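Proteins get letters first, then strands, A, B, ... in listed order; numbering begins at 1 in each. Model, not experiment: these values are computed from the prediction.
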There are 2 protein chains.
Amino acid sequence: MRAKKTSTADLTVLERLRSSGLRPTRQRLALAKLLFSQGDRHVTAEALFNEAKDNRVDVSLATVYNALHDFTEKDLLREISIDSSRSYFDTNVGDHYHFYFETSGRLMDIPAERIAIANLPEAPGGAEVARVDVIIRIKD
Amino acid sequence: MRAKKTSTADLTVLERLRSSGLRPTRQRLALAKLLFSQGDRHVTAEALFNEAKDNRVDVSLATVYNALHDFTEKDLLREISIDSSRSYFDTNVGDHYHFYFETSGRLMDIPAERIAIANLPEAPGGAEVARVDVIIRIKD
DNA sequence: CAAGCAGTTTAGAATCGATCTAATTTAAGA
DNA sequence: TCTTAAATTAGATCGATTCTAAACTGCTTG
């Protein structure tokens with residue numbers, strides 16, 4: 001294979017992987033680049049797999065699942081479950097909520113500041129809150 | 001088969017089905033009775049199927065799925081998606097939210113009054129809000 | 001109250017997203 | 001360069017759900 005110059009975008013992504021303790025393999029680098037070089041995104045595993053194919057990134061479906069889970073574990077992604085057959089990975093890992101458009105299946109971020117949640121009951125038994133998910137489902 | 005007296009509970013359930021426009025078949029009546037005669041419940045299809053078996057209610061798994069979906073469509077149940085492999089049906093169809101206990105997989109209702117959601121942003125394009133789901137995930 | 005029929009149930013096959021397996025390849029340190 | 005643990009892969013498998021097409025049953029009508 002021909003050597004390829006490392007671009008700036010590659011570097012950023014490479015640093016992100018390294019500082020998360022993930023070995024920057026060819027596949028992870030390529031997938032991370034697709035995920036993190038176009039602003040906030042919501043992708044399914046299947047969609048990312050197809051996007052990779054379209055971009056001549058040769059990865060197996062298993063690797064896409066592995067990478068998505070590895071990234072999620074390292075807080076590079078956040079997983080959003082919409083229904084039993086639809087799971088998205090969100091590149092925005094900050095505090096925020098979602099609109100879900102039922103007919104198009106599209107997801108849209110709602111900044112945390114736009115929703116005020118008050119009186120949040122304490123977890124029974126004083127257990128720790130892992131996360132608060134808010135999904136506003138839109139009939140469209 | 002021996003004729004059986006129709007109990008009060010059966011009657012209530014029968015009325016519920018009828019007024020929803022669902023034909024009160026033997027299977028639907030039995031499942032509805034299991035679902036609606038013991039307070040608020042959160043069940044999976046599989047769990048209800050097993051519960052039916054334990055109670056000598058002879059129904060197929062397909063029928064359990066059909067009934068759960070029919071009931072959900074008629075607003076007798078509400079479906080809660082926890083993750084891609086876990087979906088619950090909630091007999092409480094009023095306005096409320098949920099605690100989800102990650103290790104036990106248990107779901108607990110939070111009355112709507114216990115959470116104040118302010119500044120709820122309007123749906124883009126003025127579309128109608130179908131529902132607001134709030135799931136507080138507990139690390140336990 | 002018999003007949004007809006649309007709606008319902010059923011077993012088992014099929015589907016679908018996701019995960020696993022075991023063999024192969026690769027990144028990275030010695 | 002060598003070694004090794006980590007990562008990738010194709011394809012098998014899994015588990016939840018849906019589908020299929022045949023049998024059955026509540027309900028209305030004649």
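Residue pairs meeting the ring pair (Phe, Tyr, Trp, His ring centres under 6.0 Å) criterion with at least one partner in residues 114-140 of chain A, sequence neighbours excluded, do not occur; the list is empty. Contacts classified as side chain to side chain donor-acceptor pair (under 3.5 Å) and involving residues 13-23 of chain B (residues at least two apart or in different chains) are not found.
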Show the distances under 3.5 angstrom between N or O atoms of the protein and N or O atoms of nucleotides 1-3 of chain C.
none

Q | Sequence-aligned protein contact record of nucleotides 22-28 of chain C, with B where the base is within under 4.0 Å of a protein heavy atom and S where only the sugar-phosphate is | A | ----BBS
Please report, to 0.1 Å, the donor-acceptor pairs under 3.5 Å made by any side chain of residues 53-62 of chain A, with sequence neighbours excluded.
residue, atom, partner, partner atom, Å
A:Asn55, ND2, A:Glu51, O, 2.7
A:Ser60, OG, A:Thr63, N, 3.2
A:Ser60, OG, A:Thr63, OG1, 3.0

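Take A:His96 and apply the ring pair (Phe, Tyr, Trp, His ring centres under 6.0 Å) test, not counting sequence neighbours, and it matches A:His98. Every side chain to side chain contact (heavy atoms under 4.5 Å, CB included) that A:Arg131 has, sequence neighbours left out, goes to A:Arg78, A:Asp133, B:Arg137. Residues that satisfy the side chain to side chain donor-acceptor pair (under 3.5 Å) test with A:Tyr97, not counting sequence neighbours, are absent from this structure. A:Thr91 is linked by a side chain to side chain donor-acceptor pair (under 3.5 Å) to nothing, counting only residues two or more places apart in sequence or in another chain. In this structure B:Glu128 satisfies the salt bridge (Lys or Arg N to Asp or Glu O under 4.0 Å) test together with A:Lys139, sequence neighbours excluded.
When all heavy atoms of B:Ala67 and B:Leu31 are compared, the closest pair comes out as CB-CD1, 3.7 Å. Closest approach of B:Ser81 to B:Ile135, counting heavy atoms only: O-CD1, 3.8 Å.
When atom types are taken as modelled, the side chain of A:Asp90 and the backbone of A:His42 share no donor-acceptor pair closer than 3.5 angstrom.
The nucleotide range of DNA chain D contacted by chain B, defined by atoms under 4.0 angstrom from heavy atoms of the protein and reported 5' to 3', is D:dA16 to D:dC27.
A:Ser87 comes within 4.0 angstrom of the backbone, heavy atoms only, and of no base.
Proximity of residues 54-78 of chain B to DNA chain D (heavy atom under 4.0 angstrom from any strand atom) is restricted to B:Leu61, B:Ala62, B:Tyr65, B:His69.
In the model, A:Tyr88 has no side-chain atom that pairs as donor or acceptor with a side-chain atom of A:Arg106 under 3.5 Å.
Between the C1' atom of C:dG17 and the CZ atom of A:Phe49 lies a distance of 13 Å, rounded to the nearest Å. Between the P atom of C:dA18 and the OH atom of A:Tyr88 lies a distance of 11 Å, rounded to the nearest Å. Taking atom CD of residue A:Glu46 and atom P of nucleotide C:dT15, one finds them 16 Å apart after rounding to whole Å.
In this structure, CD1 on B:Ile136 lies 4.5 Å from CZ on B:Phe99, to the nearest 0.5 angstrom.
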